Amino acid sequence: MTLQVDDTIALRQAMVTALRDEGLITTDSVATAMSKVRRHDFAPGEPLEKVYQTNTTLVPKIDAQGRQTSVVSASHIQAIQLEQADVRPGMNVLEIGSGGYNAALIAELVGPTGSATTVDIDPDIIDRARAGLRRAGYEQVNVVLADAEHGVAQHAPYDRIIVTVGAWDIPPAWLDQLTPDGRIIVPLRFAGITRLIAFGRSPDDHVLTADNYRLGKFVPMQGDGAADEQLTAVTPDLGLRIDQSSDLTFDVPALRKALHTAPVESWSGTPFDMPDELELYLLTSGPELPMLHAAQEAVDQGVVNRTVRLGTPALVRGGTFAYRIKRENPQTVSGFETGVVAHGPQADQVGSELLDMIRTWAGRYYRRGAARITYHPDTSAVSGLSGWHTTKRHGVLAVDWS
């Protein structure tokens with residue numbers, strides 16, 4: 001059966017209902033905006049069924065190396081960001097990283113008394129956003145071609161800045177262009193991962209404090225704000241990823257040898273649940289851990305467990321490494337149990353150390369939002385910080401578990 005344009009009303013409503021059922025849309029304002037804006041106007045040629053799926057990105061742009069440089073984000077990510085942002089009528093909102101659809105949603109939320117600006121560094125994306133906004137009837141949106149590292153000063157100040165690309169840092173221009181009580185929603189890259197963080201601003205000391213954070217995956221920022229993570233290849237199908245600012249080094253020949261030793265498994269007795277929260281804890285609560293990544297071939301050949309496919313924190317000690325795994329266990333709350341597998345001459349010790357970290361998290365921090373995340377726009381502001389922190393180009397990100 002071929003869907004007609006009239007069917008898009010039902011498809012939009014089904015999308016919104018699904019997002020509400022998943023708890024991703026929680027306010028009527030976001031539901032109304034997503035019910036009204038015609039998502040298919042921003043993805044011409046894509047099948048309508050695909051356009052209105054909740055977990056599907058659209059119209060990717062691919063560079064010469066085969067990497068995605070731009071996509072129209074999946075609607076569930078857009079719903080999360082808009083709920084985090086708490087956009088209200090009359091506000092002035094800046095979107096960093098364009099595509100058109102999200103800017104139209106913002107325009108709906110701010111209403112006729114507000115203003116929406118969307119900026120992108122890529123002329124092709126800007127042209128596509130303008131065309132989509134014109135088709136959908138949102139030509140009031142300010143569409144700007146620029147390097148968003150420097151913000152968009154001509155339409156500032158902004159009550160909300162919503163960043164839709166993976167940013168390694170928060171540049172001074174964004175804070176300069178944010179109102180004293182503004183909010184910034186940013187997919188921030190640190191410790192080899194990305195977290196979609198909703199920061200509120202303190203008018204007194206300018207520190208940004210996270211109201212909440214979520215798991216999210218975004219194409220990396222281009223231009224002056226671009227930053228690459230470091231990847232150490234252990235084999236062609238297995239690597240260790242660390243943050244750009246990290247000074248970790250690895251004994252690659254010893255780790256490659258460890259892959260051929262018998263794995264040592266141990267089990268925690270704690271549920272395998274909220275793996276993103278556990279991941280954040282492991283990366284920011286003690287010794288610096290890299291992220292272990294594997295190609296599907298390494299999983300298929302049994303070199304590593306399938307949990308490594310999308311990346312997992314690994315504890316590395318010389319020629320030994322350990323990472324978390326899971327197994328079915330109906331006696332746990334989630335029906336699965338967290339464990340550890342270790343390879344190398346000190347597998348028992350290293351595996352036990354990682355297992356202790358997992359049990360500590362399960363005993364003290366087994367909940368959503370247990371970490372306190374702050375951003376300090378001064379690279380010298382580290383003396384009074386407790387817990388884990390990392391110095392970036394323009395400021396210091398801190399994660400505290402106390």
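Predicted, not measured: the structure shown is a model, and the values here were computed from it. Position 1 is the first residue of the sequence; numbering continues from there.
- The only option from V37, I77, L82 that meets the side chain to side chain contact (heavy atoms under 4.5 Å, CB included) definition with N102 turns out to be L82.
- For the salt bridge (charged side-chain N to carboxylate O under 4.0 Å, His left out) criterion with D276, the lone passing option out of R214, R368, R195 is R368.
- With contacts defined as side-chain heavy-atom distances shorter than 4.5 Å, the pair H40/Y52 qualifies.
- Donor-acceptor pairing under 3.5 Å is lacking for the side chains of T235 and D237.
- Defined by atom type and a distance below 3.5 Å, a donor-acceptor pair is missing between the side-chain atoms of Q78 and S73.
- Each of E229, R393, R189 was evaluated against Q244; a single residue qualifies, R393, per the side chain to side chain contact (heavy atoms under 4.5 Å, CB included) test.
- We find that R134 and E139 are not joined by a salt bridge, their nearest charged nitrogen and carboxylate oxygen being 4.0 Å or further apart.
- Side chains of Y366 and D273: a donor on one and an acceptor on the other come within 3.5 Å.
- Of the residues I161, I162, V163, the one that meets the side chain to side chain contact (heavy atoms under 4.5 Å, CB included) test with L94 is I161.
- Annotation: L248, atom CG; neighbour count of heavy atoms from other residues, nucleotides and ligands within 6.0 Å is above 12.
- For CD of Q331, the number of neighbouring non-hydrogen atoms (other residues, nucleotides, ligands) closer than 6.0 Å is 12 at most.
- Atom CZ of R364 has 12 or fewer neighbouring heavy atoms from other residues, nucleotides or ligands inside a 6.0 Å radius.
- Of all the heavy atoms in A371 and V399, the pair that sits closest is CB-CG1, 3.9 Å.
- Annotation for A104 and Y138: closest pair CB-CD1, 3.7 Å, computed over non-hydrogen atoms.
- Counting all heavy atoms, side chain and backbone alike, R12 lies closest to S35 at NE-O, 2.8 Å.
- By the 4.0 Å N-to-carboxylate-O rule, R241 lies too far from D228 to be salt-bridged with it.
- V207 and H376 make their closest contact through CG2-ND1, 3.6 Å (heavy atoms, listed as atom of the first residue, atom of the second, distance).
- In the displayed structure, R359 atom CZ is contacted under 6.0 Å by more than 12 heavy atoms of other residues, nucleotides or ligands.
- Ion pairing between a basic and an acidic side chain is recognised when a charged N comes within 4.0 Å of a carboxylate O; E265 and R327 show no such pairing.
- In this structure, H343 and F321 have parallel ring planes: the angle between them is below the 30° cut-off, well short of the 60° mark.
- Contact between A294 and V304 at its shortest, heavy atoms only, is CB-CG2, 3.7 Å.
- Nearest heavy atom pair, residue R201 against residue L178, reads NH1-O, 2.9 Å.
- Side-chain atoms of D224 and H150 form a donor-acceptor pair, as typed in the model, at a separation below 3.5 Å.
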